[in-house]
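For reference, the structure is listed below as structure tokens.
Every chain is numbered from 1, with letters handed out A, B, ... down the list of sequences.
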Amino acid sequence: MPELPEVEVLVRQLDPCLRDRRVQSVAVRRAKIVRPYSEAELQAALVGRIFQSVTRRGKCLRFQFRESPGVPPLTVLGHLGMTGRIYLQSFQVPLPKHVGVAVDLDSARLIFEDTRQFGRFCLGELSQVSVGPEPLGTEFTPAVLQEAMSGSRQPVKVRLMDQSVIAGIGNIYASEALFRARISPRTRCCDLTSESFQRLWQSIREVLNEAIQRGSSIPFNGPEDRERLFHYGRNARATATNVSLAFQVYDREHLPCVNCGRAVERMVQAGRSTFFCTGCQPGASGNGIQKPGETAC
DNA sequence: CACCATGTTCCTTG
DNA sequence: CCAAGGAACATGGT
């Protein structure tokens with residue numbers, strides 16, 4: 001999935017397609033995806049309603065439905081988990097294997113597909129108690145980042161993935177942002193300097209924005225285009241537009257660092273793979289602070 | 001068979 | 001309270 005950039009690209013794609021479209025029928029093929037609601041509840045809430053907008057908050061999608069006299073506002077929350085996808089298909093195309101929910105509109109069918117079924121498509125607001133600031137929003141500043149992180153002794157990479165600290169950063173872009181900021185993923189948050197937070201802040205925004213730019217440049221028509229956008233890691237296919245080819249360290253263990261040529265390394269933090277370059281991200285076992293004037297590579 | 005995978009939540013242990 | 005580690009969820013690719 002779908003970390004922030006992929007969800008953002010998806011939302012931009014979906015919003016104009018769904019706006020003002022009316023829900024004809026809803027079919028739930030995997031009950032887990034809509035829990036704690038039932039298929040009947042989803043049908044009762046959605047059939048006849050008209051889409052107003054699709055927006056993003058962190059990694060979540062929000063489908064808002066039009067409000068009218070006597071018809072209260074309604075929001076459907078979508079979360080893609082690890083392998084979730086959302087797309088429109090014609091009625092003629094048979095339903096793929098792992099469809100969780102199919103929402104029939106007047107002229108097309110909205111499919112929520114999720115192989116591993118970690119995703120969600122259900123009524124109501126975010127289940128998460130607290131979601132941190134949007135990293136691309138104006139309220140996100142170096143000071144906000146520092147304030148949110150500096151009190152923690154956690155490794156910075158682990159903390160970056162905490163959705164209550166910052167919304168939308170996952171395993172891929174955590175590694176990418178730290179590489180760009182030249183900070184070791186092992187650095188404890190409380191050991192980062194203001195200068196490091198400044199670099200990290202900038203790197204987060206660059207890495208996310210560039211990924212959105214790449215994703216937005218991908219034509220989004222058939223299933224192959226969806227694969228280029230959502231298929232990562234060792235499953236990724238080496239197509240000219242595959243976004244994963246643009247990663248600088250993620251899933252590049254043993255490959256030469258794009259900066260210094262040293263082999264990219266992999267380690268496990270909080271149960272997840274972290275990719276980094278010991279040459280460019282000094283202090284892998286220290287504090288990650290660079291002396292002034294010192295070049296990492 | 002083993003290991004890995006874009007995420008979240010829950011549980012246990014220190 | 002915090003942090004870390006593991007397991008669970010369910011399926012597929014290598």
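In this structure a side-chain-to-backbone donor-acceptor pair under 3.5 Å is present from A/Arg56 to A/Gly58. Of the possible donor and acceptor atoms, one in the side chain of A/Lys32 sits under 3.5 Å from a partner among the backbone N and O of A/Gln117. A donor-acceptor contact shorter than 3.5 Å links the side chain of A/Trp201 to the backbone of A/Phe140. Formation of a donor-acceptor pair under 3.5 Å by the A/Asp15 side chain with backbone atoms of A/Val54 is found in this model.
A/Phe247 and A/Tyr173 have perpendicular rings, their planes meeting at more than 60° on a 0 to 90° scale where under 30° would count as parallel. Note on ring orientation: taking the six-membered ring where Trp is involved, the planes of A/Phe63 and A/Phe51 are perpendicular (angle over 60°, cut-offs 30° and 60°).
Taking atom C1' in both C/dA4 and B/dT6, the straight-line distance is 23 Å, to the nearest Å. Taking the P atoms as reference points, C/dA10 lies 15 Å from B/dC10, given to the whole Å.
Within 4.0 Å (heavy atoms only), A/Pro155 reaches sugar-phosphate atoms of the nucleic acid but no base atom. Backbone-only engagement by A/Arg153 is indicated by non-hydrogen atom pairs under 4.0 Å involving sugar-phosphate atoms exclusively.
Look at A/Arg159 and you won't find any side-chain N or O under 4.0 angstrom from OP1 or OP2 of C/dA4. Side-chain N/O atoms of A/Lys59 include none lying less than 4.0 angstrom from OP1 or OP2 on B/dT6. Proximity of A/His79 to the phosphate of B/dG7: no side-chain N or O atom is located under 4.0 Å from OP1 or OP2.
The A/Gln154 side chain lies nearest to C/dA4 when the options are C/dA4, B/dG7, B/dC4. Side chain of A/Ser152, nearest nucleotide from B/dT8, B/dT6, C/dA3: C/dA3.
Residue-environment remark: CZ (A/Arg22) exceeds the threshold of 12 foreign heavy atoms within 6.0 Å.
For the pair A/Arg186 CZ and C/dA3 P, the interatomic distance rounds to 19 Å; values are reported in whole Å.
A 4.5 Å side-chain heavy-atom check between A/Glu176 and A/Glu3 finds every atom pair outside the cut-off.
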N/O contacts under 3.5 Å, protein versus nucleotides 9-11 of chain C?
residue: C/dA10; atom: O4'; partner: A/Arg116; partner atom: O; Å: 3.2
residue: C/dA10; atom: O3'; partner: A/Gln117; partner atom: NE2; Å: 3.2
residue: C/dA10; atom: N1; partner: A/Arg116; partner atom: NE; Å: 3.2
residue: C/dA10; atom: N1; partner: A/Arg116; partner atom: NH2; Å: 2.9
residue: C/dA10; atom: N3; partner: A/Arg116; partner atom: NE; Å: 3.3
residue: C/dT11; atom: OP1; partner: A/Arg30; partner atom: NH1; Å: 3.2
residue: C/dT11; atom: O3'; partner: A/His98; partner atom: NE2; Å: 3.4

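Stem list for DNA chain C (at least 3 consecutive Watson-Crick or G-U pairs, distances under 3.5 Å): B:2-5 with C:11-14, B:7-14 with C:2-9.
Linking Ile, Leu, Val, Met, Phe, Trp and Tyr residues whenever their side-chain heavy atoms come within less than 4.5 Å leaves A/Val23 and A/Phe91 in two separate clusters.
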